Protein chains: 2
Amino acid sequence: MTEQGPGSSPTLRDVATEAGVSAATASRALNGSTRNVSAEKLALVLRAAEKLGYAPNLSAQATARGSTKTVALIVHDIADPYFSSIAAGAIEGAEAAGLTVTMAVTDRSPDRELEIVSTLRGHRPHAIILAGSRIGDEQDALVGELRAYEAAGGRVAVVSQPGLPYGTVTVDNRRGAEELATALVAYGYRRFAVLRGPDALRTSRDRAEGFVASLSRAGIEVAGRFVVKTDFTEDGGHAAMTGLLDRGLDGVELVFAVNDVMAIGAMRALRDAGLVPGRDLAVAGFDDISAATDVDPALTTVGVPMRAMGLRAIDLALSGRDRSEVVWLPTTVVLRTSTPRRRGEP
Amino acid sequence: MTEQGPGSSPTLRDVATEAGVSAATASRALNGSTRNVSAEKLALVLRAAEKLGYAPNLSAQATARGSTKTVALIVHDIADPYFSSIAAGAIEGAEAAGLTVTMAVTDRSPDRELEIVSTLRGHRPHAIILAGSRIGDEQDALVGELRAYEAAGGRVAVVSQPGLPYGTVTVDNRRGAEELATALVAYGYRRFAVLRGPDALRTSRDRAEGFVASLSRAGIEVAGRFVVKTDFTEDGGHAAMTGLLDRGLDGVELVFAVNDVMAIGAMRALRDAGLVPGRDLAVAGFDDISAATDVDPALTTVGVPMRAMGLRAIDLALSGRDRSEVVWLPTTVVLRTSTPRRRGEP
DNA sequence: TTGAAAGCGCTAACAT
DNA sequence: ATGTTAGCGCTTTCAA
């Protein structure tokens, strides 16, 4: 047993010495060109490395090679199931490619995001994955930062926000919402309310507008006071629903929240008010997070393949393909018991 | 605008040249000892860096300094709300300390975990945080790997599994379960079933045993056939509950699942069988994930401060304090409507 | 096949 | 206060 003093790790040199070869040979043996090293030396080096508990210093490797084995993932909020599912997919993809994932959360702050990208750039990751739609129009600084990163050979992929000049994997939010609206009308619903997120959130806008537009085409209008803006979170949904209740539902039969966590918050608000979701007021969401089937009644929603999105984003970033390719993943309307078929309808 | 060719990033040298100073001065200006550089040069360097869009190469910095600005977080499953909350706390703590988090998921495989620790070691992170209780007794290899890491100056912290020779932040799972049992007995429950996880999972064992032991002290025994082992997941809970239902409840009034996701799975199984959780059979869980208040009836559970655990783990690892210190965080019994008070009880 | 030597981008004595 | 000079641990020519 060769003891290492504190603060020190065995280096390649140590391994080389132990094996009685040069550092160059040790390096070759331990990775890259295994072809050019004799079987005996190879064995010697491997044994030495094993004995010393050698772990290559990835930072040194990176400086020498000029490239790292990491990919950076940026999400708004990792505790949100939407993002954690995307992250799970991304991590799966990255690990399959032998890469390590570094992660940062923006807390939905554009400033923070910019700062993060800037820091991350220093890590020289293979790729940077931006998950979650950007907010506001201060994108210039962000794009500038990313441009610099790309110019230096980095790859960028974006999840869920088409419109940035990078490889993107997304779903057609507008179309998904339209299909949901159509299905709901077919179920006999005629009077709707919509809980949407901040104006600047592209995802929220697309979903809300698609929903309303589709209804409109069916000859159904949603009164302005029944479209309420709130936070893109469960508490936001709860607050908005409570407000709606206070002001009076006035015949509204179904409330559509632009994402599941908001919808679940709204359901909670209904229960808090002594109402039964699904029976007294139908509720629909968007995303199909796993909680959608945990709540009672189970939530009608539009399925978004979050995990696959994370996975594909990694693929997209890693495959040196055409920048700014857009991968559209399919959504699926999932009708559950939170939106029962209305009496008297087919 | 100075354009950089692809594959290249401006280096400290470039900045120094641009500013007309030496690399050393540029280095000093850009970080560390700002004190020892004149205001003018400082401004010059800063301006040059800005102009070139300079981002320090963290790998190079790390090799030169011999230490990185990262901490590695290892979780079983990032899509699980328990772990994503811990991760959120850890990331918050790390970012506050100016550190970047790298993350890996084990998928609950001890082999994978070992492999991960080994790879991560190469990154020379400031600290490694192990979240989630270890499985099985193949800990020797893991501990060996961690020992080597520590010997080289790394810090290790563990979340939720006391017993490893490292700084640990955890809750008293046994005691939490005992208190829950006591509260439930006070509510008038007398006949229980327990859904527990794999034997080797310490957390599961502590909770299940604590619960049963507490009941036993109150003169209540849980028949062996009403203690069922299953996966530590929602599907596990669903399957176990379904099985229990098939075999007959035989008067059981309440089922305690050793974590919330299992409990929620069990509730779903009840509904699938046409039963009403809370009314036909009371259900209790452990953790108090946010979904616990989303389900209906809201889930009785034992609150675990997951986010705080992640945060404290970072603190623990970063504060150079006594290795193997154990931080106990408090749990709180939260009685909700999934376990209504039984008739005829005080 | 192997080793010597140069260099990756940065930091940290050591001089001045 | 600033520049010079060695490294940090590893990879990769280039010769041998």
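Note that the structure is a prediction, hence the values are computed from the model and not measured. Lettering of chains follows the sequences in order, A, B, ..., and the numbering in each one begins at 1. The basis for the numbers below is simple: all heavy atoms, side chains too, and nothing from hydrogens, waters or symmetry mates.
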* Asked: With a 4.5 Å limit on heavy-atom distance, are the side chains of Glu92(A) and Arg307(A) in contact?
  -> yes
* Starting at CZ of Arg124(B) and ending at P of dG9(D), how long is that distance when rounded to a whole Å? -> 9 Å
* To do: Using a heavy-atom cut-off of under 4.0 Å over every strand shown, decide if Thr63(A) touches base, sugar-phosphate, or nothing.
  => base
* Send over the distance from Arg65(B) CZ to dG9(D) C1', rounded to a whole Å. => 16 Å
* Asked: Within a strict 4.5 Å, meaning less than it, do heavy atoms of the Glu18(A) and Pro10(A) side chains meet?
  -> no
* **Value in whole Å for how far the C1' atom of dT11(C) lies from CG of Asn36(B)** => 14 Å
* **Distance-only donor-acceptor check, side chains His123(B) and Thr68(B), under 3.5 Å** => no
* Within-4.5 Å side-chain heavy-atom neighbours: Thr170(B) and Val159(B) -> no
* Integer-rounded Å distance: dG9(C) P and His123(A) NE2 -> 18 Å
* **Validation row: Glu113(B), Leu130(B) side chains within 4.5 angstrom (heavy atoms)** => yes
Give every pair of a protein N or O atom and an N or O atom of nucleotides 4-7 of chain C that lie under 3.5 Å apart, one pair per line with the distance.
none

* To do: Write down the distance between CD (Glu40(B)) and C1' (dT2(D)), rounded to a whole number of angstrom.
  => 12 Å
* Does Asn57(B) place a side-chain N or O at less than 4.0 Å from the phosphate oxygens OP1/OP2 of dC8(C)? -> no
* Gap between atoms CG and C1', on Leu58(B) and dC10(C) respectively (whole Å) -> 11 Å
* **Gln61(B) CD - dG9(D) P separation (whole Å)** => 16 Å
* Any side-chain N or O of Thr25(A) less than 4.0 Å from the OP1 or OP2 oxygen of dT2(C)? -> no
* If each of Gly20(B) and Pro56(A) is mapped to the nucleotide of DNA chain D with the nearest heavy atom, which maps nearer the 5' terminus, i.e. the 5' end? -> Gly20(B)
* Indicate yes or no: at least one non-hydrogen side-chain atom of Ser118(A) is less than 4.5 angstrom from one of Tyr149(A). => no
* Asked: Within the pair Tyr54(A) and dC10(D), is there a side-chain N or O less than 4.0 Å away from OP1 or OP2?
  -> yes
* To do: Go through the side-chain N and O atoms of Ser22(A) and Thr25(A) and say whether any donor and acceptor fall under 3.5 Å apart.
  => yes
* Asked: Whole-Å distance between dT11(C) P and Leu30(B) CG?
  -> 8 Å
